[in-house]
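In what follows, chains are A, B, ... by sequence order, proteins preceding strands, each numbered from 1.
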Amino acid sequence: MHIAVARPRLPLAQQRHHFTITMSTPVRTRFAPSPTGHLHIGSARTALFNWLHARHHGGTFVLRVEDTDAARNTEASRDAILSGLEWLGMNWDEGPNVGGEYGPYFQSERNEIYDRYLAQLEAAGRCYKDESGATRFRMPDEPVTINDLICGSQTINLKEQSATRWDAKLKKDVPANPDLVIRRADGSYIFHFVNVVDDIDMKITHVIRGEDHLSNTPKHAALFEALGAPLPVFAHIPLNLNADGSKMSKRDQGASITDYIEQGFLSSAVCNYIALLGWSPKDDEEIFSPEELVKRFDLSGINRSNSRFDFKKCLWLNGEHLRRLDADELLKKATPFLQDKNIALDDDRLPAALQLIRQRAETLEQIPPGIAPIFEDQIEIDPDALAKISGRENIIDVLQGLHDSFSATAAGWNEDSIKAEIVATAEKLELKMGALMLPCRIATTGKAGGPDLMPLLVLIGQQRVLDRLTTLITKLNSSS
RNA sequence: GACCCGUUCGUCUAACGGUUAGGACACCUGGUUUUCAUCCAGGCAAUAGGGGUUCGAUUCCCCUACGGGUCGCCA
């Protein structure tokens, strides 16, 4: 497969250097997380764009763990990131657990490779050891130009730019050594160097990453040049912000992918939503399965401005995905949430219950509470719901009427017979049917809202419906 | 502070010089469902400001404002 360059932002002459290198090369993208926390939703989006681009072009998606900072890396974090990616369905072709011909895929295990590239730099006279023992890459005298697929072209003189450094405490620029540290005195390597070396060594063709790396890119380009390697295509994607426009940090609500797992989101919906943050299919469609995303994704559809996270839209999208699941998939996805609430998976009533609740649930987490009245022997009456009906003058008559009618039903216990009994009771009491529905619902489910009432009553069962009506009647009588 | 990127309804976005500036979420109003939800119909709501260029700018250029990013021996 070949690379599609669908949105030229630059005159062709400027693009040429950029694209001839990879025009006929199979696409290889990578996601390179640092295991210092959970899988952040923004990182997940970066991973998604890399994954989608690779899959769209039939290329290779590489997972590389950038664990060069021994002080901050944790095993728990690495596991969380890997399992988060797995949950999202972003399978990697090369990387941890699956291997590949360009391994190892943990930077902590690649020192020999870095030594080799460093030797190359040394041989070319492009780096030196400073007085502290750290190795520095000589910043080029000439300006460096990069062409970003999304952000366009920019030229910068690194030597001049790096000759001073902003001191946040002093609030002013202070003189600095413009040459980039690439290896610490203790022999460990710095991000910029290993990142570039690995991208070269792993033959990465497209570097798709957050815009926070845009300003680093000229340095990387200089390293590519010094190492005699062609530049990959750079595509810096805009960042996600909180709903209020502030920077999304680790502790913000919805920042971690585990939040979505725990709250009963579907991975397909999360992928769909985050894909839409900064990428557009350019038409009015917006509900996509992962397969459809792969088919439609193109880097040319990525826009350049940051976006804010809209949790409500994400919820809506999740509901849409939920309704598109077939019965087996729904049961499978809901299983952990059902087990958590002790709802037996082999209960005869479960399939029908799931079909009932799926029309209204937006998350898997909302499923058990909605169908609990079917499976639990005891229900709790929501006080707020009860308050809506307890003040009605005729409430006891209504409940008693329903009870009498339901207990006398001769036509069996099904939706039609239940409806007929409610209608009959309403006529007897000279009320509209609607006036009986809410009391009936609250008495039998404890809640003011929920799935379609008739089928719900069928599943709860005649005897328990009668018992619950009696219980509420007793309760109301004793409190009045 | 310097440098870089950005700025269309509240939010996500479409419109790559000519549109009554389109769609979606959210919100509001009706309707259907004799319940809840779905669903259907309708409504509210945007080109940051100022200069150019042009017969004509959301679209191209400049300035300002605002937002974000980078300026580490973190990644």
Tell me whether the centres of the aromatic rings in A/Trp92 and A/Tyr105 are closer together than 6.0 Å.
no
Applying the 3.5 Å cut-off to both distances, the Watson-Crick or G-U partner of B/A48 turns out to be B/U64
A/Glu415 atom CD is separated from B/U33 atom C1', nearest whole Å, by 14 Å
For the side chain of A/Asn216, counting heavy atoms from C-beta on, which of B/A26, B/A75, B/C73 is nearest?
B/A75
Taking atom C1' in both B/U19 and B/C27, what distance in whole Å separates the two?
27 Å
Would you call the rings of A/Tyr260 and A/Phe311 parallel, tilted or perpendicular, taking 30° and 60° as the class edges?
tilted
Please state the C1' separation for the pair B/G10 and B/A26 - nearest whole angstrom.
8 Å
Pairing residues for A/Glu286 by the salt bridge (Lys or Arg N to Asp or Glu O under 4.0 Å) criterion, not counting sequence neighbours:
A/Lys313
Now, which nucleotide makes the Watson-Crick or G-U wobble pair with B/U38, with each of the two distances under 3.5 Å?
none
Which part of the nucleic acid does A/His236 contact within heavy-atom distance under 4.0 Å: base, sugar-phosphate only, or nothing?
nothing
At less than 4.0 Å, is any side-chain N or O atom of A/Arg304 found next to OP1 or OP2 of B/G6? Yes or no.
yes
Mind checking the P distance from B/A21 to B/A41? Whole angstroms is fine.
23 Å
Pairs in or reaching into residues 363-374 of chain A: which pass salt bridge (Lys or Arg N to Asp or Glu O under 4.0 Å), with residues at least two apart or in two chains?
none
Whole Å only: how far is the CZ atom of A/Phe288 from the P atom of B/C25?
14 Å
What distance, rounded to whole Å, do you find between the two C1' atoms, one in B/C66 and one in B/A48?
8 Å
Per atom distances to the A/Val423 side chain, the nearest of B/U34, B/C74, B/C73 is B/U34
Please work out if A/Thr68 contacts a base, only the sugar-phosphate, or nothing of the nucleic acid, heavy-atom cut-off 4.0 Å.
sugar-phosphate
In Watson-Crick or G-U wobble terms, with both distances under 3.5 Å, the base opposite B/A24 is B/U11
Verify the ring-centre separation between A/His220 and A/His192: is it less than 6.0 angstrom?
yes
Atom-pair distance (NE2 on A/His213; P on B/G6), nearest Å:
18 Å
Does a sphere of radius 6.0 Å around NZ in A/Lys419 hold more than 12 heavy atoms from other residues, nucleotides or ligands, not counting ones at 6.0 Å or beyond?
no
Selected nucleotide, minimal atom distance to A/Asp173 side chain, candidates B/U70, B/G1, B/C73
B/G1
Reading nucleotides 37-48 of chain B from 5' to 3' and marking B where a protein heavy atom lies under 4.0 Å of the base, S where only the sugar-phosphate is that close, and - otherwise, the string is S-----------
Do the ring planes of A/Tyr273 and A/Phe309 sit parallel (below 30°), tilted (30 to 60°) or perpendicular (above 60°)?
perpendicular
Distance between C1' atoms of B/C62 and B/U54 (Å, rounded)
16 Å
Interatomic distance at P, B/C16 relative to B/C4, whole Å:
28 Å
Looking at B/G18, which nucleotide sits across from it as a Watson-Crick or G-U wobble partner, both distances under 3.5 angstrom, or is there none?
B/C55
I need the CG-P distance between A/Asn195 and B/C74, as an integer number of Å.
15 Å
Please enumerate all residues that pass ring pair (Phe, Tyr, Trp, His ring centres under 6.0 Å) together with A/Phe193, with sequence neighbours excluded.
A/Tyr189
Parallel, tilted or perpendicular: which one describes the rings of A/Trp279 and A/Phe297, with boundaries at 30° and 60°?
tilted
Nearest heavy atom decides the nucleotide; on that basis, is A/Leu180 or A/Leu241 closer to the 5' end of RNA chain B?
A/Leu241
Which nucleotide, B/G22, B/A2, B/C74, lies nearest any side-chain atom of A/Asp284?
B/G22
For A/Glu362, check salt bridge (Lys or Arg N to Asp or Glu O under 4.0 Å) against everything at least two apart and list the hits.
none
Taking atom NZ of A/Lys333 as the centre, does the number of heavy atoms from other residues, nucleotides or ligands within less than 6.0 Å exceed 12?
no
With hydrogens left out and only the distance checked, is there a donor-acceptor pair under 3.5 Å joining A/Thr164's side chain and the base of B/C71?
no
Starting at atom CG of A/Leu239, determine the distance to atom P of B/C5, rounded to an integer number of angstrom.
15 Å
For A/Leu453, answer base if it contacts any base atom (sugar-phosphate contacts may also be present), sugar-phosphate if it contacts only those atoms, and nothing otherwise; contact means non-hydrogen atoms under 4.0 Å.
base
d(CE, A/Met139; C1', B/C73) in whole Å
14 Å
Scan nucleotides 12-15 of chain B against the protein and return all N/O pairs shorter than 3.5 Å with their distances rounded to 0.1 Å.
from	atom 1	to	atom 2	distance (Å)
B/C12	OP1	A/Arg308	N	2.8
B/C12	O2'	A/Leu276	O	3.0
B/U13	OP1	A/Gly278	N	2.4
B/U13	OP1	A/Asn303	ND2	3.4
B/A14	OP1	A/Lys282	NZ	3.0

For B/G1, give its Watson-Crick or G-U wobble partner with both distances under 3.5 Å, or none.
B/C71
Pick the P atom in B/C60 and in B/G6, then give their distance to the nearest Å.
11 Å
Have a look at A/Lys312 and say if it touches a base, only the backbone sugar-phosphate, or nothing, with a 4.0 Å heavy-atom cut-off.
sugar-phosphate
Contacts of A/Pro451 and A/Ile190 projected onto RNA chain B by closest heavy atom; the upstream (5') one is A/Pro451
Send over the distance from A/Glu211 CD to B/C4 P, rounded to a whole Å.
13 Å
Rounding to an integer number of Å, can you tell me how far A/Asn240 CG sits from B/G6 P?
17 Å
Using the C1' atom as the reference point in each nucleotide, state the distance between B/A75 and B/C63 in Å, no decimals.
37 Å
From C-beta outward on A/Ser215, which listed nucleotide comes closest to its side chain: B/C36, B/C73, B/U70?
B/U70
A/Thr363 and A/Asn318: side-chain donor and acceptor closer than 3.5 Å?
no
